[in-house]
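Following: one structure in structure tokens, then a few remarks.
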Amino acid sequence: MTAGIPGTGVGGLFYLASALALPLRALSRRRRNRPPGSVIAGQVAMASGVIAAMWATGWLLGLALVHARPLLPVSLGPPPGPVWPVATIVAGAAVLAAVLLGVEVLRLIVRDGRKRGRTVSVLIITAVAAHASAARAQDAPALTVLVGGIRDSDRNATLRFEGSFEFPVAPEVRLGAVAGRDRVASDGVTAGIDRAALRAAWRPVRHFDLTARTGATRLDNAGGATVAPTGELRLRWRPAIDLRLRRDVVAASPLLVANRVVRTEGRATVLAPLAGGFKLRGIGGTAALSSTVDVNHRNSLGGAVVLAVAPAGEVSALFNEVRFSHQSAVGYFTPRVVQTVEAGTYLEHETAGAALFVLDCGVGVRRMAAWAAPLGPWGRALRLYALIAVPIAPGRELRLELEGEDSAVATEVATAAAWRYGSALLSVRWGVR
Amino acid sequence: MASLDRAFAGSDVTVIVPAYNEAASVADTIRSLQAQTTPPAEIIVVDDCSDDATGEVARALGVTVVRPPANTGSKAGAQTFGLRSVATPLTVAVDADTVLATDALAHLVGAFDGPGVAAACGSVLPRHVRTMWERGRYVEYLFAFTFYKRLQEYYGKPLISSGCFSMYRTDALRAQGGWSDRTLAEDMDLTWSLYQTGCEVHFVPRAVCYPIEPSCFTLMSRQLRRWSHGFVQNVRLHWRGLLGVPYLRSAVAVAFWDASLSAAAYLILLPILALLLRSPWLLLGYVIDAPAVIVPVLVGAARRREVPRALASVPAFFVLRTVNAFFFIRALVAELLLGRPLRKYEKGH
């Protein structure tokens, strides 16, 4: 029997995606387990034919509707332009992603309590530190001291000091406090940023955690001092969902501090199985960048095909687009649109002695469109993140985080288009026994 | 095939043919089995207390005929009764209205090339393509077995080892207790149960069988009713276990979505929207994917040199698809909302 309705709905999209992923799947399999190349080529060609037929249908339909419009009464008129077919395809893809994601969430719920094989799939780069610490969850109270420096191609330099303390109040709940000071300087101009916040983390099951932070940041420069409330709420259901709401000060340069730039951002990352070992990662976010001068908006949308290549490694192919609502002169770079295509690799290795090494790097291209201008040429987009965590005693470890970026265009808030950036953070976590 | 036959040969195969009032068709089935390039060791016709001459027809052709003390009430029951008499490592189930291509058994035997392979199935095509319903089914099978099922095989998880013609490792079959009649789709139940025990199931496109498909609405409605209820029953029965089977869980979820909400949109939402928006163009949604459907259908038909027949049958596919959607919705409502499961097995032809 044939379950479902062949040819319609999300089933068609699912099998199209399965067919198009066949070559990649074949590459990831051992030679003897691969289907013959001609067989793969045949299925991919058939899927391509189906897509071409769908495209031709849309094109012909649009053409027919345009020509039929004058002949039809207004009430019987066709939907305007290409909105209908485009919306249908987008909605279909969204529904497919939702169905596949729903299955994975259901699987997590049903099977969460059972022991499963080691599968590490990291959602986003910013989750690395949390992931690493989660892998070394320790119940004892702990004190962490951090010192580090950040420097960029705009001659902005930041020196950071931070201390935090956390302690358990229940097996699944930890509370803590963090305080720190940044000193940012550029061409002889300096500004100070003082931060303080309370933190809470709730982790009822292994793959789910909810974290919250609330506090304030004091911005201090020659123009005086102000205080901005900050905070964060983050929900993670690994590896499928990562939802994050946050409000933070943007303080990469003295000019940004002087203009009191605050970012209020919502960000979502979802990971859905595609076919075989492939997964589809969707990343979307919207941010309001408020300052003493204006309020700008930045929207980003991206997707990546991810393939797990080892129990703790993955490769990915990503496309991302960022758009600003308008140009701004308060000290961060605001092109109309920025597009990025990137091949990324994430690798994680834990030694027998519990030392952890993480490497996350991306090589790609990026292009931008200035206001009232078309998209420009592609330029490089390189990034690297590395974490080394070495245990020095039970519950105590030394961590070094290194991060660098070299891009023709900056997508995160930055002060210039061509952007190079490097940071090194060294911290000691000291469990109190 | 020689290298593969070293593992299993026709002498390792017993064919079970469940039959209830199949006097008109069982002879063709038996003759096609006897004409195989790899003949089976034994053909067992399970005469499920037929009212007609099914048993006599089968005996006259020289095969083993067994008869349960009373009608088992389902194809699954008859097949499981026949399984008692099987003494070979491989067992084939063939419907009594189905004939096989002469090399079908040889191709399926070749699929059992590893100890983990528990079942294998082949392509299915209607034996007669004359009425609208047969034509609709013909296009549906061409589409499914040319595109969907091959992809499922490449990902190692054919959705169903078809009930009309499949080969099983006898030990694995017995470990499952044979074919269960707890759902109306015993083939789906068995396939999904095998996956959950870690067994492999394969689809062999070149092993082709030709069942008689429903030729009129009355027969088609019985078959669709049985299939749609069987699908819902199996999803309900196996959903938890399927979550541990990669790809299959996605394929089943997508199929269930299409069978339920997509079908509802297809049957209810589309006409309502067309009325509310006063835009008959929305009704194009019923056939808007016709070119996309036609591509795999033509590929499958071209391999068989049946392109004109396939093109002439395409309109019937859309009729069958709409009827199919109706039966799925009805089955969902009955099984999940009203709590009225269908238990009685009705022959579709």
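What you see is a predicted model; the values in this text were computed from it and never measured. When reading the values below, keep in mind they use all heavy atoms of this one structure, side chains included, and skip hydrogens, waters and symmetry mates. Chain identifiers are assigned alphabetically (A, B, ...) following the order of the sequence lines, protein sequences preceding nucleic acid strands; residue numbering begins at 1 within each chain.
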Exercise for the section: Please assess A/F14 against B/Y247 for the test ring pair (Phe, Tyr, Trp, His ring centres under 6.0 Å), listing each intermediate value before the final yes or no. Expected result: CA-CA 11 Å; A/F14 174 74; B/Y247 195 81; 5.4 Å; yes

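- The two atoms that bring B/L243 and A/R107 nearest to each other are O-CD, 2.9 Å, heavy atoms only.
- Heavy atoms of A/L96 lying under 4.5 Å from chain B belong exclusively to its side chain.
- Contacts between B/A251 and chain A at a heavy-atom distance below 4.5 Å involve backbone atoms as well as side-chain atoms.
- If you measure heavy-atom distances from A/A21 to chain B, the contacts under 4.5 Å come from both the backbone and the side chain.
- One finds the CG atom of A/L100 at 11.0 Å from the CH2 atom of B/W257 (value rounded to the nearest 0.5 Å).
- With a threshold of 4.5 angstrom between heavy atoms, B/P296 approaches chain A through its backbone and through its side chain.
- Nearest heavy-atom pair, B/V295 versus A/G49, reported as atom, atom and distance to 0.1 Å: CG2-O, 3.7 Å.
- Annotation for B/V254 and A/G11: closest pair CG1-CA, 3.1 Å, computed over non-hydrogen atoms.
- At a threshold of 4.5 Å between non-hydrogen side-chain atoms, the residues B/R249 and A/L106 do not count as touching.
- Contacts of B/S260 with chain A are absent, with no heavy-atom separation under 4.5 Å from either backbone or side chain.
- To the nearest 0.5 Å, atoms CD (A/Q43) and CZ (B/R150) are separated by 6.5 Å.
- Not a single donor-acceptor pair under 3.5 Å links the side chain of A/Y15 to the backbone N or O of B/L151.
- Contact count versus chain A (heavy atoms, under 4.5 Å) is highest, among B/T146, B/I294, B/V299, B/L224, for B/T146.
- Nearest heavy atoms, A/P273 versus B/S250: CG-OG, 4.3 Å.
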